[in-house]
**Q** 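One structure coming up, written as structure tokens, with questions to follow.
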Number of protein chains: 2
Amino acid sequence: MAGLSMRKQQTNAYACAMRRPTLHDVAARASVHPGTASRALNPRTRHLVSPVTARRVDRAARALGYRANPIARGLKTARTATVGLVLPDLTNPLFPPIVRGIEDALRPAGYSAWIVNTDNDPERERTLVDSLRSRHVDGLIVATARLDHPLLRETAAELPVVLVNRGTAEPGVSQVTPDDALGIEQAVRHLAGLGHRHVAHLAGPQDLSTGVERLRAYRRAVADLGLDDAPGLVERCGTWNEDEGAAATHRLLDSGLPCTAVCAGNDLLALGCYDALRERGLSCPRDVSVVGFNGMPFLDKLRPPLTTVRIPHHELGAEAARMLLAQLDDPDRHPRSVRLPPELIIRGSTRAPRS
Amino acid sequence: MAGLSMRKQQTNAYACAMRRPTLHDVAARASVHPGTASRALNPRTRHLVSPVTARRVDRAARALGYRANPIARGLKTARTATVGLVLPDLTNPLFPPIVRGIEDALRPAGYSAWIVNTDNDPERERTLVDSLRSRHVDGLIVATARLDHPLLRETAAELPVVLVNRGTAEPGVSQVTPDDALGIEQAVRHLAGLGHRHVAHLAGPQDLSTGVERLRAYRRAVADLGLDDAPGLVERCGTWNEDEGAAATHRLLDSGLPCTAVCAGNDLLALGCYDALRERGLSCPRDVSVVGFNGMPFLDKLRPPLTTVRIPHHELGAEAARMLLAQLDDPDRHPRSVRLPPELIIRGSTRAPRS
DNA sequence: TTGTATGCGTTATCAG
DNA sequence: CTGATAACGCATACAA
């Protein structure tokens, strides 16, 4: 790694980079003690200083273009106005909108987010959470929650944590998730309304709240609506991706069970389903209707455009951020769980079954 | 904002949170002076300490689960092993893979990235760059470069900066960009090879290197290949998005100029083009062939799958990160400019013109 | 109301 | 080779 010796050189190369003015400089210019300047500049302690002095300090700070050094401040206060954001994978199009929601809610409060990717690797996750903590983030928003997730419990015991999108079975952790059950119910009800009796489900990973709850909701909807409940109509996928969706669809079709519609656990699985159908010369929606879940971008550009359950990504993130801020404000606040309602978006991939 | 008074409460709510061990604790346990412990733990200064002492310190550190506090370290060294990453918009699917490339290249060097979104707002950009600087990032990777971009010149004079994806006309700034000219040439040559003589171009924003260079390359290719060079075959778009692409396509079709193929400045414009064609009852590729640019994810799932020029996103990011690391190592290093070769991906949206 | 002193955790520069 | 000490920039008890 770069030696510290470079520091001297850097001073050469970026010679024009004037040292940022410090509180000390401001104090000197205003002819007050640094402590006074600190108080004057801090909204919370400003009332402790005389208005004239305060204004003088303000002017000095403005003139010098003073900006407090958050590092030094953090060292003293043990707070950084920063929250860590733990994602499985930023390249999954589900997450960027959630991130935007988080940032948009954090900004007005003066907080910013530090984003890390775990790649669904628990070890990497542990390392990253540790590095966020050593950077003294004030709290954590976690999108990688598993149902069984000791790290989460440990971490939440030590600093404010809010889960987003995926929940956990670990106690004492706040979470903001889509109402998976409601979404799946809408999807299955839509298919049943079109006349489908044999609806399959591509289930997601069963160690994630999303995978489990969507499967459970599917089963309940099938029962409630009196649809075909053959166990073979459920195919499990190990991860939320297209390959798994395609493989599961192939297994489903190989089973020979009657099936005119597929309710996929998420959009990526649905995309894999598209691939498998095409590979077998089957047409969606003529032969098989397909519903996705999440409302990823660009699904309307597919052929056929994918009917899906849209979850409010941005709002999911914003709500998680607001919840974390509240928790930051009042650490004794009781952990709570919020479910946001999804919305069925009907497009071209669903239609009544033939005959 | 949350008062600091909360700190006390926080100590209550997260009471079990043991204080992280500090260098001081490690030193005490190893019965050495903190200074010695610091030297022993720092690979660069480890040779200054006797092997036995070093090992003793190591053991103490391990036993206590010691992790250096990067904040305190940064305060002293004015270095943070952190780089700022300035993006226009994380929800644009072009960027996440670039981010991953950057992170993957940064990680082995012990650096991490702090991501911010400007929304293409210069004022917001200035604020964010400022906040990154006050957080003492060691350098900047910027994906929001415009051709005319004073902030870039100012900033690059004060700390290492590398541009990624978009370049600038400002002098003295390193950049890693796709070889836009080569990519467009491949695209137009492909269309010409299929027999197209009237190829339109949906040009991107002309204040961005990408927009300008792709337009220039289109013009050159049209000239070289002896294609129809009617000025009306170029339609300008103010931003890289679907709406602009659709509007431009409508204008193009309204012009009545003969045109059998569209070379879009990027994939989003091409998606807009799809929409416009569909709206007019035209078929791609039967009536009009379309080529995109960038190689966004999921383009193969469109109908028809979009022929595009794939740029090596991950490598683009990785190369930018490596370049920044090199610059961090040697601040006197001459700024340089790297262009990465793209690759034409031929899919179903291009075919020979009718008749 | 203001100044003073101290500490946050670490590294660098001295002595020894 | 190791220990002592002084910063780094800021916030905050405490003294004045």
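Proteins come first, then strands; the chains are lettered A, B, ... in the order of their sequence lines, and each starts at number 1.
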**Q** For the pair made of CZ in B:R46 and C1' in D:dT2, what is the distance, rounded to whole Å?
**A**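 So the CZ-C1' distance, B:R46 to D:dT2, works out to 15 Å.
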**Q** Considering every strand and a 4.0 Å limit on heavy-atom distances, what is the contact class for B:L23: base, sugar-phosphate, or nothing?
**A**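 Answer is base: heavy atoms of B:L23 come under 4.0 Å of a base.
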**Q** Under 4.0 Å between a side-chain N or O of A:T36 and OP1 or OP2 of C:dG3?
**A** yes
**Q** Under a 4.0 Å threshold between the charged nitrogen and the carboxylate oxygen, would A:E123 count as salt-bridged to A:R126?
**A** no
**Q** Please report, rounded to the nearest Å, how far the P atom of C:dT6 is from the NE2 atom of A:H33.
**A** 12 Å
**Q** Would you kindly compare A:S38 and B:R39 by the position of their nearest DNA chain D nucleotide and give the one closer to the 5′ end?
**A**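 Result of the comparison: B:R39.
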**Q** For B:A40, does its backbone N or O pair with a side-chain atom of B:R46 as donor and acceptor, under 3.5 Å?
**A**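 At least one qualifying donor-acceptor pair exists.
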**Q** Taking only the side-chain heavy atoms of B:R73 (C-beta and beyond), determine which of C:dT11, C:dT1, D:dT2 contains the nearest atom.
**A**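 My answer, after comparing the listed nucleotides, is C:dT11.
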**Q** Take atom CG of A:N42 and atom P of D:dT12, then tell me their distance rounded to the nearest Å.
**A** 7 Å
**Q** Taking for each residue the nucleotide of DNA chain D with the nearest heavy atom, is it B:P34 or B:L75 whose nucleotide lies nearer the 5' end?
**A** B:P34
**Q** Is it the case that A:E125 and A:H149 place a side-chain donor and acceptor less than 3.5 Å from each other?
**A** yes
**Q** Please report the distance, rounded to the nearest Å, between CG in B:L48 and P in C:dT13.
**A**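 Answer to the nearest Å: 12 Å.
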**Q** Measure NE2/A:H24 against C1'/C:dT4 and give the value in whole Å, please.
**A** 14 Å
**Q** For A:G35 and for A:P51, locate the closest nucleotide of DNA chain C by heavy-atom distance; then report the residue assigned to the nucleotide nearer the 5' terminus.
**A**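 In this pair, the answer is A:P51.
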**Q** In whole angstrom, what separates A:R79's CZ from D:dA11's C1'?
**A**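 Atom-to-atom, A:R79 to D:dA11, this comes out as 13 Å.
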**Q** Salt bridge check, B:D89 against A:R100: does any charged N sit closer than 4.0 Å to a carboxylate O?
**A** yes
**Q** Between A:E158 and A:R133, is the closest basic N to carboxylate O distance under 4.0 Å?
**A** yes
**Q** Any idea which of C:dT10, C:dT4, D:dC10 is nearest the B:K76 side chain?
**A**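 Taking heavy atoms from C-beta onward, the closest nucleotide is C:dT10.
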**Q** So, the side chain of A:D25 versus the backbone of A:T22: is there a donor-acceptor pair under 3.5 Å, distance only?
**A**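 Yes; judged by distance alone, with no hydrogens or angles, the pair exists.
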**Q** Going by heavy atoms in the side chains, are A:V116 and A:L85 under 4.5 Å from each other?
**A** no
**Q** Just to be sure I understand the geometry, which residues of residues 53-72 of chain A put a non-hydrogen atom under 4.0 Å away from DNA chain D?
**A**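 Hits under 4.0 Å, by residue number: A:Y66, A:A68, A:N69, A:A72.
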